[in-house]
Amino acid sequence: MVRVVAAGHVNWDVTLRVDALPDPDGEAEIVSQRRSGGGSAANVAVALAGFDVETGLVGSVGDDEHGLLAQRELQDAGVDLDGLRVVDGLETSVKYLVVDGDGEVMVLGNDGANEAVGPSDVDPDVVAGCDHLHLTSQRPETADRLAELAGDAGATVSFDPGRRLGDRDFTATLDRTDVLFVNDNEAEAVLDEDAAYPGSDFSDRVVVVKHGAEGATVHTPSGSYSHPGFDIEPVDTTGAGDAFAAGFVAVRLDDGGYERALEFANACGALAAQHEGARTAPTRPEVDSFLDGQF
């Protein structure tokens with residue numbers, strides 16, 4: 001039985017490193033190209049599997065070559081694919097990630113088969129028995145159904161809604177969320193006030209606010225903790241947030257404290273940002289070695 005189920009997008013990524021992002025009608029030199037699996041849910045599932053956490057995935061791909069490649073990578077990583085839907089006649093979502101010399105990312109993509117999982121497509125057995133459900137961007141009604149099933153099973157729920165948060169109504173899912181991951185901009189959109197303020201709708205839960213290169217803060221019912229992050233030279237920030245979330249969840253599953261979870265998560269994000277592509281989350285020994293070298 002899997003301990004964690006990750007649910008949301010499963011993509012095929014094409015990462016293009018350029019010398020600089022071009023102006024309109026301009027041109028840039030492609031320094032390197034990389035093709036690999038991507039999508040926030042898939043990235044988190046692979047990262048957790050790399051931490052030796054039994055992990056399953058709920059998402060969808062098309063019945064094309066990109067879908068087969070994505071499935072093969074996930075299987076090789078040890079992710080359980082009982083909850084993955086393969087949709088006949090649809091293309092797997094492909095994302096083109098353009099990365100400049102500072103590691104900043106611009107994303108182009110098509111939805112394809114990415115959100116073909118509706119509430120009625122969710123197999124309750126995939127969630128039943130898990131300890132934790134991690135949700136990423138997907139259909140709001142599907143996310144809510146999964147969160148409902150997790151609650152029925154006594155599992156905790158984390159949610160990293162991503163950059164499309166302001167375009168979709170995730171109110172029902174947020175009500176069922178135990179741990180919310182947001183960046184500074186998303187925090188403003190969701191919270192409308194400081195998460196630690198006693199009157200906040202999230203004051204009885206855990207809110208993790210990612211500050212990019214400035215680290216992160218976790219607000220809990222018993223207090224708030226911050227970690228400044230690590231001084232690194234980023235190569236590609238794609239997937240760093242997914243590695244961060246996976247690291248935080250993994251430590252909390254082992255009953256680690258919030259301060260330890262925040263430090264570990266920041267290390268995961270920092271290490272991921274030093275490599276090209278979305279599938280760059282480190283293993284637990286790599287994170288431990290990195291942290292040992294900080295002191």
Member of F51, F181, F264 meeting the ring-ring contact (aromatic ring centres under 6.0 Å, His included) criterion with F248
F181
Please check if the side chain of S289 supplies one atom and the backbone of P285 the other of a donor-acceptor pair under 3.5 Å.
no
Check R3 with D131, please: is the shortest side-chain N to carboxylate O separation under 4.0 Å?
yes
Please check this pair: side chain of R85 against backbone of A116, looking for a donor-acceptor N/O pair closer than 3.5 Å.
yes
L108-V14 co-clustered via ILVMFWY side chain contacts under 4.5 Å
yes
Taking all atoms of both residues into account, what is the closest heavy-atom pair of A41 and G8, and its distance?
CB-N, 3.3 Å
Determine yes or no for a side-chain-to-main-chain donor-acceptor pair under 3.5 angstrom, with T220 supplying the side chain and S222 the backbone.
yes
Can you see which heavy atom on A147 is nearest to which on R176, and at what distance?
CB-CD, 3.7 Å
Name the one of V44, L262, D160, V249 that satisfies side-chain contact (heavy atoms from CB on, under 4.5 Å) with F244?
L262
Are V31 and V98 linked, directly or through other ILVMFWY residues, by side chains that come within less than 4.5 angstrom of each other?
no
Determine whether a donor-acceptor pair (N or O, by modelled atom type, separation under 3.5 Å) exists between the side chain of D144 and the backbone of E141.
no
Decide if atom CD of E65 counts as having more than 12 heavy atoms of other residues, nucleotides or ligands within a radius under 6.0 Å.
no
First locate atom CZ of R17, then atom CD of E29, and finally report the distance between them rounded to the nearest 0.5 Å.
12.0 Å
Side chains of L74 and V10, heavy atoms from C-beta outward: is any pair under 4.5 Å?
yes
V207/V182 under side chain to side chain contact (heavy atoms under 4.5 Å, CB included): CA gap, chis, key distance, verdict:
CA-CA 8 Å; V207 180; V182 288; 4.2 Å; yes
Is the shortest side-chain heavy-atom distance between L174 and L180 below 4.5 Å?
yes
Measure the shortest side-chain to side-chain distance between V99 and T15 over non-hydrogen atoms and say whether it is less than 4.5 angstrom.
yes
Is a donor on one side and an acceptor on the other found under 3.5 Å between the side chain of T55 and the backbone of V79?
no
Classify the ring geometry between F159 and F170 as parallel (under 30°), tilted (30 to 60°) or perpendicular (over 60°).
perpendicular
Under a 3.5 Å cutoff, is there a donor and acceptor pairing between the side chains of S40 and H9?
no
When you compare the side chain of N183 with that of V209, does any pair of heavy atoms fall below 4.5 Å?
no
Is the side chain of T283 donor-acceptor paired with the backbone N or O of G50 at a distance under 3.5 Å, no angle test?
no
With a 4.5 Å cut-off on side-chain heavy-atom distances among I, L, V, M, F, W and Y, is there a chain of contacts connecting L253 to V179?
yes
R252 versus Y258: any side-chain heavy-atom pair under 4.5 Å?
yes
Can you tell me how far the OG atom of S226 sits from the CD atom of E214, to the nearest 0.5 Å?
11.5 Å
Measure the NZ-CG distance between K210 and D184 for me, rounded to the nearest 0.5 Å.
10.5 Å
Any donor-acceptor pair under 3.5 Å linking the side chain of D178 with the backbone of V157?
yes
For the pair F230 and H227, name the ring-plane relationship: parallel under 30°, tilted 30 to 60°, perpendicular over 60°.
tilted
On a heavy-atom basis, the closest approach of G56 and A45 is O-CB, 4.5 Å
Does any non-hydrogen side-chain atom of L133 lie less than 4.5 Å from one of V4?
no
Check: S93 side chain, N110 main-chain N or O, donor-acceptor pair, under 3.5 Å
yes
Pair N114-N11, side chain to side chain contact (heavy atoms under 4.5 Å, CB included): steps then yes or no:
CA-CA 7 Å; N114 222 347; N11 305 334; 2.8 Å; yes
Between CG of L146 and CG of L135, what distance do you get to the nearest 0.5 Å?
6.0 Å
Tell me, do V122 and V126 make a side-chain contact under 4.5 Å, heavy atoms counted?
no
Counting neighbours of CD on E91 that are heavy atoms of other residues, nucleotides or ligands and sit closer than 6.0 Å, is the number greater than 12?
no
Begin from the C-alpha positions of V208 and V206 and carry the test side chain to side chain contact (heavy atoms under 4.5 Å, CB included) through to its verdict.
CA-CA 7 Å; V208 185; V206 175; 4.2 Å; yes
Heavy-atom closest pair (V287 atom, C268 atom, distance to 0.1 Å) is CG2-SG, 3.8 Å
Would you say that D63 contacts V87 through its side chain, given a criterion of any heavy-atom pair below 4.5 Å between the two side chains?
no
When rounded to the nearest 0.5 angstrom, what distance separates CG in L97 from CE in M106?
10.0 Å
Run the numbers on R260 and D288 for salt bridge (Lys or Arg N to Asp or Glu O under 4.0 Å), then give the verdict.
CA-CA 12 Å; R260 168 61 176 168; D288 290 337; 3.4 Å; yes
Are L81 and V61 co-members of a hydrophobic cluster defined by side-chain heavy atoms under 4.5 Å apart?
yes
Kindly check if the number of other-residue, nucleotide or ligand heavy atoms within 6.0 Å of CG (D175) is above 12?
yes
Indicate the atoms forming the closest heavy-atom contact of R284 with A250, along with that distance.
NH2-CB, 3.9 Å
Check ion pair R168-E115 (N to O, under 4.0 angstrom):
yes
Mind checking the CG-CG spacing from N266 to L291? Nearest 0.5 Å is all I need.
9.5 Å
Closest approach of D13 to G38 (non-hydrogen atoms, all atoms of both residues)
OD2-CA, 3.4 Å
Verify side chain to side chain donor-acceptor pair (under 3.5 Å) between D64 and T92, making sure each step is shown before the conclusion.
CA-CA 7 Å; D64 56 359; T92 300; 2.6 Å; yes
Does the side chain of D169 pick up a donor-acceptor pair with the side chain of T171 at under 3.5 Å?
yes
Between L57 and V86, is there a shared hydrophobic cluster once you connect ILVMFWY residues whose side-chain heavy atoms come closer than 4.5 Å?
yes
Say whether, by atom type as modelled, one donor and one acceptor occur between the side chain of D100 and the main chain of A20 under 3.5 angstrom.
no
Is a donor on one side and an acceptor on the other found under 3.5 Å between the side chain of Q138 and the backbone of T136?
yes
